[in-house]
Amino acid sequence: MTTGTVKETHTPSVGTWVIDRAHSDLKIIARHLMVTKVRGTFDELSGTIVVAEDPTQSTVEVVAKAATVMTGTADRDNHLRSPDFLDAENHPEIVFKSTKLTPKNDRWILSGDLTVRGVTRPVTFALTFDGEAVDPFGNTKAAFTAVGEVDREQWGLTWNVPLEGGGVLVSKTLRVEFDVQAVLQS
């Protein structure tokens, strides 16, 4: 493959891929006051994707540092790091480990275990392989997008405030979006 070319396939090359932190992010989206969306990201994201000859045997592990959550508001970020939410001091990592990868049309269903605050629960994400390319420095890179929803209360994230007109301050359901670029290890 020549530099700058894109590989056109439905699966990445077989091998071990390491998440490129500078070109990857994990977004969490919650409803605030039942109407607006608040987006948070984690500044420190790492992980490994092992692509097997049989793609259904591939594995994914992603780790986010809980203390690096950022929403653009310092008071809210500190509250998210507190025991009311992530309890980052006692539970410094949020970890996803895949358990199954299943093809579905032109996408995949990525199933796995998500650990937050020391609690592990099964989750599923719609996974898309976005393509593979060689950067100007000769590194083979692949891009992936995974999207899903989780009920934050399953991990003990139950803090909330009831609203006078009905509903709650922070939605129970969170949208989770991974946008990952990974580098093939030689």
Side-chain angles (χ1 to χ4, degrees), residues 18-49 58-102 104 107-128 143-182:
V18 173
I19 291 177
D20 178 351
R21 184 173 147 193
H23 297 102
S24 302
D25 66 20
L26 165 57
K27 293 185 215 74
I28 307 296
I29 303 163
R31 287 280 178 181
H32 181 258
L33 295 172
M34 306 298 294
V35 292
T36 58
K37 294 177 185 174
V38 172
R39 291 168 172 80
T41 61
F42 291 86
D43 190 44
E44 289 188 34
L45 188 67
S46 62
T48 304
I49 301 161
S58 300
T59 61
V60 176
E61 182 171 340
V62 180
V63 177
K65 298 292 184 184
T68 68
V69 67
M70 296 182 304
T71 64
T73 303
D75 287 344
R76 180 173 46 225
D77 296 349
N78 289 332
H79 191 204
L80 289 172
R81 294 177 187 124
S82 80
D84 282 344
F85 286 98
L86 297 174
D87 194 10
E89 186 174 327
N90 294 308
H91 303 283
E93 294 183 335
I94 297 166
V95 179
F96 171 80
K97 291 183 181 182
S98 66
T99 57
K100 186 176 182 182
L101 187 61
T102 310
K104 184 175 182 183
R107 295 187 177 178
W108 298 84
I109 301 300
L110 178 63
S111 303
D113 293 324
L114 178 63
T115 302
V116 181
R117 291 176 51 123
V119 177
T120 302
R121 298 277 187 259
V123 294
T124 59
F125 295 102
L127 174 68
T128 305
F144 306 87
T145 304
V147 178
E149 289 188 347
V150 298
D151 174 350
R152 67 185 175 89
E153 292 182 353
Q154 291 184 357
W155 288 269
L157 305 172
T158 58
W159 182 92
N160 226 327
V161 175
L163 300 175
E164 189 175 308
V168 290
L169 184 64
V170 182
S171 61
K172 179 177 168 179
T173 301
L174 304 176
R175 181 175 171 90
V176 179
E177 299 177 358
F178 290 93
D179 287 307
V180 171
Q181 185 178 106

* Could you tell me which non-hydrogen atom of T102 sits nearest to which non-hydrogen atom of K100, and how far apart they are? => OG1-CE, 3.4 Å
* Got more than 12 heavy atoms from elsewhere within 6.0 Å of CD, E89? -> no
* Asked: Heavy-atom distance under 4.5 Å between the side chains of L101 and L127, does that happen here?
  -> yes
* **Closest heavy-atom pair and its distance - S58, S98** => O-OG, 4.3 Å
* What's the shortest heavy-atom distance between R81 and T68, and which atoms? -> NH2-C, 4.2 Å
* To do: Check whether any side-chain heavy atom of F96 sits under 4.5 Å from a side-chain heavy atom of L110, and report yes or no.
  => yes
* Could you tell me whether the side chain of K37 reaches within less than 4.5 Å of the side chain of H32, counting heavy atoms only? => no
* Structure fact -> For G148 and F125, the nearest pair of non-hydrogen atoms, with its separation, is N-CD2, 3.5 Å
* Asked: What's the shortest heavy-atom distance between P122 and D113, and which atoms?
  -> CA-OD1, 3.9 Å
* Asked: Do side-chain atoms of S24 reach the backbone of I19 as a donor and acceptor pair under 3.5 angstrom?
  -> no
* To do: Verify, without hydrogens or angle tests, whether D179 (side chain) and T145 (backbone) share a donor-acceptor contact under 3.5 angstrom.
  => no
* Structure fact -> side chain to side chain contact (heavy atoms under 4.5 Å, CB included) with W155: of T115, I94, L114, only one passes, and it is L114
* Please check if the side chain of R121 supplies one atom and the backbone of V116 the other of a donor-acceptor pair under 3.5 Å. => no
* Can you tell if the side chain of R175 reaches within under 4.5 Å of the side chain of V147, non-hydrogen atoms only? -> yes
* Looking only at heavy atoms, which two atoms of V170 and R152 are closest? And how far apart? -> O-NH2, 3.2 Å
* To do: Could you check L33 against L169 for side-chain contact (heavy atoms from CB on, under 4.5 Å), going step by step and ending with a plain yes or no?
  => CA-CA 5 Å; L33 295 172; L169 184 64; 3.5 Å; yes
* L86 side chain reached by H91 side chain, heavy atoms, under 4.5 Å -> no
